[in-house]
Amino acid sequence: MTAMLRARSVSLSFGDTPALRGADFLVDTGEIVAIMGPSGSGKSTLLHCLAGILVPDEGEIHVGGERLDTMGEAARSALRRDRFGFVFQFGQLVPELTAAENVALPLLLSGMRRAEAARRADLRMAELGLDGLGGRRSGELSGGQAQRVALARALVAEPEVIFADEPTGSLDSLTGEQVMDLLVGTAREQGTTVVLVTHDARVAAYADREVMVRDGRVTSPVGTS
Amino acid sequence: MSVPLTLLGLLEREPSHGYDLKRDYDTYFGRGKSLPFGQVYSTLSRLARDGKVVMDEIAAGGGPDRKRYVITDAGATEVNAWLTEPVAAEPHLQSVLFAKVVLALMLDRPAEEYLDTQRRAHLARMRELTEIKRTGGLVDGLLADHGLFHLEADLRWIDTTAARLDALRDQVRS
Ligand SMILES: Nc1ncnc2c1ncn2[C@@H]1O[C@H](COP(=O)(O)OP(=O)(O)OP(=O)(O)O)[C@@H](O)[C@H]1O
Ligand SMILES: [Mg+2]
């Protein structure tokens with residue numbers, strides 16, 4: 001197994017508030033790992049550092065063989081666009097666009113032609129049981145449908161890593177399970193690495209393993225290798 | 001809920017009389033149902049027979065209450081093994097887990113580590129059940145769900161308790 005993501009002694013404060021204090025974390029390629037821990041312990045901050053959305057004050061972030069924390073903003077955002085997919089709890093679809101346009105967005109941003117992007121978006125939506133909803137705007141979708149559209153968008157460009165922060169947080173448990181089934185099913189099929197933040201043990205049980213974050217540190221077994 | 005192990009754990013704090021053990025057992029573990037004196041003494045005599053406690057006669061010629069019980073190395077080893085090993089991840093474990101947490105705090109053992117170990121055991125079992133749900137039929141899936149919901153309840157209790165360990169420590173050590 002090779003490491004896909006690695007955080008080494010990562011610290012980050014928001015003003016006077018330390019959110020991470022020397023967090024170590026390792027994810028192998030193709031692994032699905034759940035990050036758990038009390039509210040405010042630093043889970044989302046760790047996820048954002050691994051994804052290159054936040055830059056740590058101290059420590060290192062490695063993606064594949066590359067050092068992420070020393071890259072410039074432009075290189076980081078290109079890396080996010082080309083290699084990562086994201087699913088968050090809510091408010092992630094662009095409300096002015098239709099569901100199908102939202103799903104096609106990552107492909108368009110990476111320069112794919114419109115017709116081809118639309119074709120792939122349709123395929124992906126069909127796989128996730130969203131046929132017929134492509135023309136709706138996010139306000140016209142149920143929570144579970146919107147979350148599946150977000151998942152389709154995260155998966156459409158076949159990213160190497162999917163970052164998910166409470167992806168089932170606003171859903172009832174049955175709909176949440178559907179979303180997890182789809183996320184984990186697709187990730188297993190495609191060998192996608194998944195980093196999943198959740199406080200819900202039933203959601204964490206879909207992962208290959210879990211780590212606990214407490215007071216800005218990863219406290220349980222840090223990695224498999 | 002294991003009465004012998006709980007009494008052994010209480011004895012590991014300090015040598016005690018039967019009535020002290022009964023009082024502490026009732027306070028922390030009885031949950032409204034007190035442990036009969038008869039059961040306290042029969043349990044202690046079995047523990048003595050098995051070499052896990054010895055009696056320390058402090059006053060000659062008295063009844064059972066004159067005797068103080070002292071844990072042996074074999075008894076202490078057994079308590080330690082019980083505290084350190086996670087309980088098999090089956091639902092409805094709260095009372096055993098609770099006893100372990102209280103005793104760990106009384107004995108100044110790393111209760112939080114024990115809870116973490118237990119959390120991992122629970123999540124490992126939940127992963128197995130989730131896999132059954134993902135790959136099996138409806139009936140197996142629903143049975144797995146039953147287990148999952150109960151294990152989840154245990155886990156919530158583990159998290160809540162972990163967040164209140166300091167307060168609980170103060171209470172059981174006062
Ligand atoms: N943008 C921000 N500005 C200031 N403080 C922040 C910001 N984001 C997070 N924090 C603080 O950093 C700490 C860690 O926050 P983080 O969002 O990583 O926690 P979390 O584990 O994801 O919690 P939750 O389970 O509630 O989502 C908290 O004390 C939080 O208040
Ligand atoms: Mg968060």
Side-chain angles (χ1 to χ4, degrees), chain A residues 31-43 128-129 151 164 166-169 171-190 194 196-215 217-224, chain B residues 84 86-94 97 110-168:
Chain A
E31 240 195 328
I32 302 175
V33 181
I35 301 179
M36 305 186 76
S39 185
S41 57
K43 304 180 296 294
L128 300 188
L151 190 57
E166 303 282 4
T168 61
L171 306 177
D172 67 53
S173 65
L174 215 53
T175 318
E177 272 175 25
Q178 283 173 5
V179 167
M180 285 311 297
D181 266 334
L182 292 167
L183 172 58
V184 166
T186 318
R188 291 250 163 86
E189 233 171 80
Q190 302 183 349
V194 179
L196 165 75
V197 169
T198 183
H199 65 270
D200 183 340
R202 290 171 59 84
V203 171
Y206 280 87
D208 299 320
R209 67 183 167 96
E210 75 287 341
V211 298
M212 286 289 294
V213 175
R214 269 205 207 92
D215 295 328
R217 288 192 197 89
V218 180
T219 61
S220 37
V222 161
T224 49
Chain B
T84 320
V87 183
E90 301 293 343
H92 312 305
L93 289 175
Q94 291 88 336
L97 285 182
E112 185 158 33
E113 271 174 40
Y114 299 163
L115 286 174
D116 278 349
T117 305
Q118 192 66 54
R119 182 187 286 109
R120 280 197 290 280
H122 267 58
L123 274 162
R125 182 77 186 114
M126 287 181 75
R127 260 196 295 281
E128 292 170 8
L129 293 170
T130 301
E131 198 53 29
I132 290 172
K133 255 167 65 103
R134 272 177 27 82
T135 53
L138 178 62
V139 171
D140 287 344
L142 286 172
L143 287 170
D145 254 333
H146 184 263
L148 280 165
F149 280 118
H150 281 92
L151 289 165
E152 183 191 20
D154 275 356
L155 269 178
R156 287 191 183 192
W157 181 86
I158 288 171
D159 287 340
T160 305
T161 305
R164 289 178 172 73
L165 275 183
D166 289 340
L168 185 61

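Given the structure is predicted, the values throughout are model-derived calculations rather than measurements. All heavy atoms count here, side chains included; hydrogens, waters and symmetry mates do not. Below, chains carry the letters A, B, ... as their sequence lines are ordered, and counting in each starts from 1.
Taking 4.5 Å as the limit, every side-chain heavy atom of Glu210(A) sits out of range of all side-chain heavy atoms of Arg119(B). Between Leu155(B) and Met36(A), the closest side-chain pair of non-hydrogen atoms is not below 4.5 Å.
Summarising the local packing, CZ of Arg188(A) is surrounded by more than 12 heavy atoms from other residues, nucleotides or ligands at distances under 6.0 Å. Counting heavy-atom neighbours within 6.0 Å of Glu113(B) CD, excluding the residue itself, gives a total of 12 or less.
Contacts between Ala34(A) and chain B at a heavy-atom distance below 4.5 Å are absent for every atom of the residue. If you measure heavy-atom distances from Glu112(B) to chain A, the contacts under 4.5 Å come from the side chain alone. With a threshold of 4.5 angstrom between heavy atoms, Leu148(B) approaches chain A through its backbone and through its side chain.
Residue-level contacts of residues 123-130 of chain B with chain A, in order of numbering, are Leu123(B), Met126(B), Arg127(B), Thr130(B); threshold 4.5 Å between heavy atoms. Among the residues in residues 196-203 of chain A, those with a non-hydrogen atom closer than 4.5 angstrom to a non-hydrogen atom of chain B are Asp200(A), Ala201(A), Arg202(A). Within residues 131-140 of chain B, the residues having any heavy atom under 4.5 Å from a heavy atom of chain A are, by residue number, Glu131(B), Lys133(B), Arg134(B).
Partners of Thr175(A) by side-chain hydrogen bond (donor to acceptor under 3.5 Å, both in side chains), not counting sequence neighbours, listed by chain and number: Asp172(A).
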